[in-house]
Amino acid sequence: QVQLVESGGGLVQAGGSLRLSCAASGRTFSTNTMGWFRQAPGKERDFVAAISWDSAATDYADSVKGRFTISRDNAKNTLYLQMNSLKPEDTAVYYCASGGYGDDRKPTSYRDWGQGTQVTISS
């Protein structure tokens with residue numbers, strides 16, 4: 001059983017920054033993709049960013065390129081998302097995911113999910 005525990009969400013003014021963390025425990029491996037997704041009320045769960053097992057490859061949604069940075073520390077079994085220049089449209093519940101394979105932008109490509117953490121950007 002894999003458990004993903006997120007932290008770092010909260011309320012931030014537009015233009016500010018947040019750093020999200022996702023700690024994995026249980027039966028985990030460093031041989032697959034991890035990613036971040038977000039979901040606003042009444043909308044689908046959208047891709048934000050993904051990173052390969054060795055951090056050699058990253059992928060970002062166009063809406064966050066240049067503002068967000070994804071990273072991982074396999075020794076600590078932890079995934080990170082540094083979010084800068086935050087906008088009101090970034091407001092959503094953010095989910096981390098692990099065990100990814102195939103198309104890293106599809107939620108169905110991931111095996112395990114966290115519970116989600118609320119990020120709210122005020123204007």
Side-chain angles (χ1 to χ4, degrees):
Q1 185 179 8
V2 176
Q3 302 288 334
L4 301 176
V5 180
E6 298 153 324
S7 62
L11 175 63
V12 179
Q13 188 176 11
S17 298
L18 278 175
R19 190 194 192 206
L20 305 183
S21 299
C22 176
S25 62
R27 186 175 177 83
T28 61
F29 300 94
S30 300
T31 56
N32 47 35
T33 299
M34 298 186 74
W36 290 96
F37 290 75
R38 64 188 183 186
Q39 187 168 23
K43 297 184 178 181
E44 296 182 340
R45 186 170 298 190
D46 291 330
F47 170 76
V48 176
I51 187 168
S52 63
W53 71 273
D54 58 356
S55 298
T58 57
D59 190 21
Y60 295 94
D62 288 343
S63 59
V64 306
K65 285 182 180 178
R67 300 189 299 121
F68 291 10
T69 302
I70 189 171
S71 61
R72 66 191 292 172
D73 187 336
N74 291 342
K76 297 180 179 179
N77 287 326
T78 303
L79 177 72
Y80 304 96
L81 185 67
Q82 178 66 47
M83 305 186 294
N84 299 325
S85 301
L86 285 162
K87 305 174 181 179
E89 52 262 44
D90 295 319
T91 295
V93 176
Y94 282 69
Y95 299 89
C96 65
S98 67
Y101 63 94
D103 187 349
D104 60 6
R105 297 189 172 205
K106 294 182 177 179
T108 54
S109 295
Y110 296 85
R111 186 178 184 89
D112 304 300
W113 292 83
Q115 80 290 339
T117 185
Q118 179 70 49
V119 172
T120 303
I121 313 302
S122 62
S123 60

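Given the structure is predicted, the values throughout are model-derived calculations rather than measurements. Values reported hereafter were calculated over all heavy atoms of this structure, with side chains retained and with hydrogens, waters and symmetry mates removed.
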Quick one: side-chain contact (heavy atoms from CB on, under 4.5 Å) partners of [X], sequence neighbours excluded?
X	answer
Ala57	Ser52
Lys43	Ala40
Arg19	Tyr80, Gln82

| field | Asn84 side chain to Ser17 side chain, donor-acceptor N/O pair below 3.5 angstrom | value |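 Side chains of Asn84 and Ser17: pair found under 3.5 Å.
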Find out whether [X] and [Y] are in side-chain contact, i.e. whether some heavy atom of one side chain is under 4.5 Å from a heavy atom of the other.
X	Y	value
Tyr60	Val48	no
Ser98	Val2	yes
Trp36	Leu79	yes

| said: Using the ring centroid of each side chain, check whether Tyr95 and Phe37 are separated by less than 6.0 Å. | reply: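 Ring centroids of Tyr95 and Phe37 are no less than 6.0 Å from each other.
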Considering non-hydrogen atoms only, spot the tightest contact between [X] and [Y] and give its length.
X	Y	result
Ala50	Tyr110	CB-OH, 3.6 Å
Ile51	Arg72	O-NH1, 3.5 Å
Gly100	Asn32	O-CB, 3.3 Å

| said: Here's one to test your reading of the geometry: is the NZ or CZ of Arg45 within 45 degrees of the ring axis of Trp113 and under 6.0 Å from its centre? | reply: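 Positive - Arg45 is close enough to the ring of Trp113 and near enough to its axis.
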| For the side chain of Thr33 and the backbone of Tyr101, is there at least one donor-acceptor N/O pair under 3.5 Å apart? |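 Pair absent, no side-chain N/O of Thr33 close to backbone of Tyr101.
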| query | Does Pro88 offer a backbone N or O that forms a donor-acceptor pair with the side chain of Ser123 under 3.5 Å? | reply |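 Side chain of Ser123 to backbone of Pro88: no pair is present.
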| said: With salt bridge (Lys or Arg N to Asp or Glu O under 4.0 Å) as the rule and sequence neighbours excluded, what pairs involving residues 76-94 come up? | reply: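 Non-adjacent pairs meeting salt bridge (Lys or Arg N to Asp or Glu O under 4.0 Å): Arg38-Asp90, Arg67-Asp90.
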| task | Determine which pairs satisfy salt bridge (Lys or Arg N to Asp or Glu O under 4.0 Å) with at least one residue from residues 107-123, sequence neighbours left out, and list them in order. | result |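 Of all non-adjacent pairs touching residues 107-123, none passes salt bridge (Lys or Arg N to Asp or Glu O under 4.0 Å).
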| query | Going from CG on Asp103 to OG on Ser109, what distance comes out if it is rounded to the nearest 0.5 angstrom? | reply |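 Asp103 atom CG to Ser109 atom OG measures 5.5 Å (nearest 0.5 Å).
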| task | Any chance you could measure Leu81, atom CG, to Leu18, atom CG, to the nearest 0.5 Å? | result |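 CG of Leu18 is found 9.5 Å from CG of Leu81.
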Quick one: side chains of residues 114-121, donor-acceptor pairs under 3.5 Å with protein atoms, not counting sequence neighbours, listed by atom name and distance.
from: Gln115; atom 1: NE2; to: Glu6; atom 2: OE1; distance (Å): 3.3
from: Gln118; atom 1: NE2; to: Ala92; atom 2: O; distance (Å): 3.4
from: Gln118; atom 1: NE2; to: Thr120; atom 2: OG1; distance (Å): 3.3

